[in-house]
2 protein chains.
Amino acid sequence: MTTSSSGRLTTRVRQVLADRISRGDLRPGDQLPTERELSGEFGVSRVTVRRALASLSRDGLVYSVQGRGTFVAADRLAEPPNTLLSFHDLVANTYVSVAAQPLRVHTRPATLDEAETFGIAPGASLFELDRLRTLDDLPVAIDSTLLPLAIDPELPDLDWSHESLYARLTAAGHTPVAADYSVEARAADIRVARLLGTVPGSPVLVAESEVSDQSGRLIVAGLITYRGDRYRFRSRLTAGSAVPMVQPSSGRAFRSG
Amino acid sequence: MTTSSSGRLTTRVRQVLADRISRGDLRPGDQLPTERELSGEFGVSRVTVRRALASLSRDGLVYSVQGRGTFVAADRLAEPPNTLLSFHDLVANTYVSVAAQPLRVHTRPATLDEAETFGIAPGASLFELDRLRTLDDLPVAIDSTLLPLAIDPELPDLDWSHESLYARLTAAGHTPVAADYSVEARAADIRVARLLGTVPGSPVLVAESEVSDQSGRLIVAGLITYRGDRYRFRSRLTAGSAVPMVQPSSGRAFRSG
DNA sequence: CAGTGGTCTAGACCACCGC
DNA sequence: CGGTGGTCTAGACCACTGG
């Protein structure tokens, strides 16, 4: 996996420093002890200290300047980065009631394009799931999801008003680790307007996602249509880490409806 | 030791491996040589090899499994990650003509909220820049930007039909490194519709951004209104890297118009 | 069991900063 | 100049995988 943070000593050093920052012992702009000092204080090697600092730097809590030192960043950078969350996790702590009303739950054979996209045989079974998402009983989004049935053959038999797709995927050994997301503004058509409780022509946010597991395999394609006045998409962009690879990237958009 | 001018060793190793992948010597699913083999092949320590592999892993070109080995990821994960680009850079290679028509270029004192947001004194000068963005002479977006004049006092004197704001910021020692982005769907009002050449009520994508430099200081706040049918926002989400910090994050939205 | 990646150490030299 | 972070080394042990 990535270098993120596992490993006891590095994690511990990171934790202690993060605590000092969040408790205010270290304030934005303050200089941290030098790497060699921290090395002595924690009784670990300098390499370990550097791993902890690198982790904090990636998350924007600190930044280093060669020849000067390491400093606490302004808290603006300390907000959570881009995170891939299920719809449920995204809103679970914010709203009183999160519910899903299944609109369509069925299985059908994959088209040629879909087979190529998912890396499965043409005609292999795809599971298709459409749900109406509500928060506090207000309709917020229409969630349409498509994935190979082989990933978890029991999917069609579950109660989709309560089941979490991401939890099922993880349990099946396919942990969602990355998603390519695109959003655009459209006008609601009659069906969408009726489901979302608004009028045709009103603005909706259409988000298309392609979710991959750790091996890079595409496991879920989704199309979510949000009521424009009830959802806002947030993201954190970072300056490119100088990736000198040029990739054709084979643009494919197999679900434009 | 090192043959001819050595770039960093880690970079060199990364580069060679990335080349093998992009040239097809190593294909998705293939196992890379072990870290110890690579260490010998390149004549560098295993730690250095691991840094190179970690870098490739962060960019999604490879992934490692403890006890098994390191493998080339499916190319889906090899697409460019979330990147912070100026509008100009974003589209420069795609369209024939990229142009900006200044709508408003002026300086005004900061309100109390704005002063707090930017970390400047109330009443300090803010530079405000509104531009109409066109691609191949078609209006695509209205770009409204706000930043402290102190960052570059020459800003008001420049020719904003050709000048690049990001380039100026970088030259002034404030490199944009991260941005918090939010997008939502709205209906165009009369002014927006007229500028974008559409009708009132048609869907537009409104993107709010807050850009920070390396020290975490907020340097630019932007509000871009795109024609819904001429823009799509793309992002790449990744599974949370376990950031155990909880931050109040003082939600402030000082420009909701 | 042997082989893999994951973590860690103690020490070295380099590049850069500010005095 | 002395002190900082940036890079690198050679070797060690651990945790996990697979036959």
Side-chain angles (χ1 to χ4, degrees), chain A residues 1-17 26 29-58 60-73 173 175 177 214-216 241-242, chain B residues 1-17 26 29-58 60-73 173 175 177 214-216 241-242:
Chain A
M1 198 61 240
T2 29
T3 57
S4 50
S5 63
S6 50
R8 290 178 37 266
L9 282 182
T10 302
T11 305
R12 166 134 188 83
V13 172
R14 187 207 140 102
Q15 197 72 269
V16 172
L17 292 176
L26 291 167
D30 284 358
Q31 180 168 6
L32 275 70
T34 70
E35 295 175 351
R36 289 166 179 86
E37 284 170 357
L38 290 171
S39 169
E41 173 187 345
F42 289 102
V44 302
S45 77
R46 193 177 154 218
V47 175
T48 302
V49 169
R50 282 183 61 73
R51 271 205 294 269
L53 289 176
S55 169
L56 290 170
S57 178
R58 271 197 303 279
L61 275 71
V62 306
Y63 66 100
S64 302
V65 183
Q66 178 167 150
R68 292 216 300 134
T70 303
F71 305 86
V72 179
T175 307
V177 298
Q214 189 193 29
S215 76
S241 52
Chain B
M1 309 310 256
T2 42
T3 55
S4 70
S5 72
S6 62
R8 297 176 204 13
L9 282 181
T10 302
T11 307
R12 185 101 206 112
V13 173
R14 187 206 138 101
Q15 196 73 268
V16 171
L17 292 177
L26 292 168
D30 285 359
Q31 179 168 7
L32 274 70
T34 71
E35 295 176 350
R36 289 164 178 89
E37 284 171 358
L38 290 171
S39 170
E41 173 187 343
F42 289 103
V44 301
S45 77
R46 191 176 154 219
V47 175
T48 302
V49 169
R50 280 183 61 75
R51 271 205 294 268
L53 290 176
S55 167
L56 291 170
S57 177
R58 271 195 302 277
L61 275 71
V62 306
Y63 65 100
S64 301
V65 183
Q66 178 169 150
R68 293 218 297 136
T70 302
F71 305 85
V72 179
T175 307
V177 299
Q214 189 194 25
S215 77
S241 52

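Excluded from the calculations below are hydrogen atoms, water molecules and symmetry mates; all remaining heavy atoms, backbone and side chain alike, are included.
Between the C1' atom of D:dT17 and the CD atom of B:Gln31 lies a distance of 11 Å, rounded to the nearest Å. One can place OH of B:Tyr63 at 14 Å from C1' of C:dG5, the figure rounded to the nearest angstrom. The CZ atom of A:Arg12 sits 17 Å away from the C1' atom of C:dT7 (whole-angstrom rounding). Between B:Arg51 atom CZ and D:dC8 atom C1' there is a gap of 6 Å when expressed in whole angstrom units. Atom-to-atom, CZ of B:Arg46 to P of C:dT7 comes out at 10 Å; the value is rounded to the nearest Å.
Residues that satisfy the side chain to side chain donor-acceptor pair (under 3.5 Å) test with A:Ser45, not counting sequence neighbours, are A:Thr48.
Note on A:Thr48: a side-chain N or O is less than 4.0 Å away from OP1 or OP2 of C:dT9. Phosphate proximity of C:dG5 to B:Thr70: present, with a side-chain N or O under 4.0 Å from OP1 or OP2. Contact between the side-chain N/O atoms of B:Arg50 and the OP1/OP2 oxygens of C:dG5 is not found at any separation under 4.0 Å. The side chain of B:Thr34 contributes no N or O atom lying less than 4.0 Å from OP1 or OP2 of C:dG3.
Between atom CG of residue B:Leu53 and atom CZ of residue B:Arg58 there is a gap of 11.0 Å, rounded to the nearest 0.5 Å. In this structure, CG in A:Leu56 is found 13.5 Å from CZ in A:Arg51, a value given to the nearest 0.5 Å.
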Which atom pairs, one a donor and one an acceptor, fall under 3.5 Å between side chains of residues 35-42 of chain A and the rest of the protein, sequence neighbours left out?
{"unit_1": "A:Glu35", "atom_1": "OE1", "unit_2": "A:Arg46", "atom_2": "NE", "d": "2.9"}
{"unit_1": "A:Glu35", "atom_1": "OE1", "unit_2": "A:Arg46", "atom_2": "NH2", "d": "3.0"}
{"unit_1": "A:Glu35", "atom_1": "OE1", "unit_2": "A:Arg50", "atom_2": "NH1", "d": "3.4"}
{"unit_1": "A:Glu35", "atom_1": "OE2", "unit_2": "A:Arg50", "atom_2": "NH1", "d": "2.8"}
{"unit_1": "A:Glu37", "atom_1": "OE1", "unit_2": "A:Thr34", "atom_2": "N", "d": "3.2"}
{"unit_1": "A:Ser39", "atom_1": "OG", "unit_2": "A:Val44", "atom_2": "O", "d": "2.6"}
{"unit_1": "A:Glu41", "atom_1": "OE2", "unit_2": "A:Arg20", "atom_2": "NH1", "d": "3.4"}
{"unit_1": "A:Glu41", "atom_1": "OE2", "unit_2": "A:Arg20", "atom_2": "NH2", "d": "2.6"}

I'd like a table of donor-acceptor pairs (distance under 3.5 Å, sequence neighbours excluded) in which one partner is a side-chain atom from residues 61-72 of chain A, with atom names and distances.
{"unit_1": "A:Ser64", "atom_1": "OG", "unit_2": "A:Thr70", "atom_2": "OG1", "d": "3.1"}

N/O to N/O distances under 3.5 Å, protein versus nucleotides 16-19 of chain C:
{"unit_1": "C:dC16", "atom_1": "O4'", "unit_2": "A:Gln66", "atom_2": "OE1", "d": "3.1"}

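Shortest non-hydrogen contact noted between B:Gln31 and B:Leu26 is O-CD2, 4.4 Å.
For residues 35-43 of chain A, proximity to DNA chain D is found at A:Glu35, A:Arg36, defined as any non-hydrogen atom under 4.0 angstrom from a strand atom.
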